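Read through the structure below, which is laid out as structure tokens, and then see the notes.
All values derive from a computational prediction rather than experimental measurement. Atoms within a ligand are numbered from 1 in the order they appear, just like the ligands themselves.
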Amino acid sequence: MKYILEAKDLSKRYQDKLALKGLNLQLETSEIFCLLGQNGAGKSTTINLLLGFLQPTSGAAFIHGLEVAQNPLAILKHLAYIPEQVMLYPNLTGLENLSLFSGLAGFSYSQEELMAYLQQAGLPANAAGKRVGTYSKGMRQKVGIAIAIAKHAKVLLLDEPTSGLDPKASNEFSELLLQLQAKGTAVLMATHDIFRAKEVGTRVGIMREGELVDVLPTQNLNANELEKLYLNYMHN
Ligand SMILES: Nc1ncnc2c1ncn2[C@@H]1O[C@H](COP(=O)(O)OP(=O)(O)OP(=O)(O)O)[C@@H](O)[C@H]1O
């Protein structure tokens, strides 16, 4: 298995709308791939196909070498997913949520171990015992990251993670992604945040009307150049 995440000619049609057109994409471990594109470009559809939440109309998605549509449960073991609104149980504490979700993934941790994962994700120790319903978005995301670390997820899928975060929380989030990258996790992130994409991404993909129209390594680009390129694609 060469790629940890792969899409081969992946397409999705909703009734008469072709939302994703023959996507080909390969991610290696420790890559952070940022998908940019206007509303309706097909970013969430791509993520939902990779999660197995949607069935492709044609083509296939692979996680850890397993075809997603054929192995919907097995692939979830390798994946962590943080949607725009992090899905946690609001009446449980951060610690209880982490215990629950890592337990569902087959891991049984002591309270000390769970606290250590929350700490790695940057959640203040005094918040761990509070109900998640009282958390800010940034704090909920930290629990999401702690779940990804505790599950030893090989792939993290993120849908607009920094929308609605203040600059400090957004910066902390970028730092966490870099930590995960250092552990070998591959990250695919749909975002509207060109600056963050340039900052944390190893590559940026530009989507337009269901098509991946360009893929750029971020190394030799600055954020202004990336924004210009992006806007060019949107206008032409
Ligand atoms: N369940 C559905 N039924 C019909 N059309 C859908 C459905 N889900 C998405 N679409 C359409 O498919 C296209 C791609 O949508 P998608 O949500 O993947 O875009 P996106 O790039 O994630 O947009 P955003 O930035 O707004 O989240 C859009 O035209 C959308 O209206």
Original post:
Below 3.5 angstrom, do we get any N/O pair linking Gly40 and ligand 1?
Top reply: yes

Original post:
Is Lys142 salt-bridged to Glu172, cutoff N-O under 4.0 Å?
Top reply: yes

Original post:
Are any of the heavy atoms in His192 under 4.0 Å away from ligand 1?
Top reply: yes

Original post:
side-chain contact (heavy atoms from CB on, under 4.5 Å) between Met207 and Leu20: does it pass, once the steps are laid out?
Top reply: CA-CA 10 Å; Met207 287 192 86; Leu20 188 67; 3.4 Å; yes

**OP:** Specify side chain, backbone, both or neither for Glu160, according to which of its non-hydrogen atoms lie closer than 4.0 Å to ligand 1.
**Re:** side chain

Original post:
Is there a donor-acceptor contact under 3.5 Å from the side chain of Thr218 to the main chain of Gly201?
Top reply: yes

Original post:
Between Ile82, Leu51, Ile47, Leu188, which is the residue that forms a side chain to side chain contact (heavy atoms under 4.5 Å, CB included) with Asp159?
Top reply: Ile47

Subject >> Gln181 backbone acceptor or donor facing Ser30 side chain under 3.5 Å >> reply: yes

**OP:** Could you pull out, from Ala19, Gly42, Ser163, the option with a heavy atom nearest to atom 19 (O) of ligand 1?
**Re:** Gly42

**OP:** Could you find the nearest protein heavy atom to atom 25 (O) of ligand 1 and give me its residue, atom name and distance?
**Re:** Lys43 NZ, 2.8 Å

Subject >> Nearest neighbour in protein (non-hydrogen) for atom 17 (O) of ligand 1 >> reply: Ser44 CB, 3.7 Å

Original post:
With atoms numbered from 1 as shown, which atoms in ligand 1 lie under 4.0 angstrom from a non-hydrogen atom of Ala41?
Top reply: 19 (O), 20 (P), 21 (O)

Subject >> Glu199 bridged to Arg196 by N-O distance under 4.0 Å >> reply: yes

Original post:
Starting from atom 8 (N) of ligand 1, which protein heavy atom do you reach first, and at what distance in Å?
Top reply: Tyr14 CZ, 3.3 Å

Subject >> Distance filter under 4.0 Å to Gln15 heavy atoms, resulting ligand 1 atoms >> reply: 4 (C)

Original post:
Which of the numbered atoms in ligand 1 are below 4.0 angstrom from a heavy atom of Gln38?
Top reply: 21 (O)

Subject >> For Lys17, the ligand 1 atoms whose distance to one of its heavy atoms is below 4.0 Å >> reply: 29 (O)

Original post:
Is there side-chain contact between Asn39 and His192, with at least one heavy-atom pair below 4.5 Å?
Top reply: yes

Original post:
How about atom 30 (C) of ligand 1: does it have a protein heavy atom within less than 4.0 Å?
Top reply: no

Original post:
Can you check side-chain contact (heavy atoms from CB on, under 4.5 Å) on Met87 and Tyr81, steps first, answer last?
Top reply: CA-CA 9 Å; Met87 289 181 295; Tyr81 168 52; 3.9 Å; yes

**OP:** Please check if the side chain of Lys8 supplies one atom and the backbone of Ala61 the other of a donor-acceptor pair under 3.5 Å.
**Re:** no

Original post:
Quick one: does Gly37 get an N or O within less than 3.5 Å of an N or O on ligand 1?
Top reply: no

Subject >> Protein contact of atom 26 (O) of ligand 1 - nearest heavy atom, named by residue and atom, plus distance >> reply: Asn39 ND2, 3.0 Å

Original post:
Do any heavy atoms of Met207 fall under 4.0 Å from ligand 1?
Top reply: no

Subject >> Nearest neighbour in protein (non-hydrogen) for atom 18 (O) of ligand 1 >> reply: Thr45 OG1, 2.6 Å

**OP:** Classify the angle between the aromatic ring planes of His152 and Tyr117 as parallel (below 30°), tilted (30 to 60°) or perpendicular (above 60°).
**Re:** perpendicular

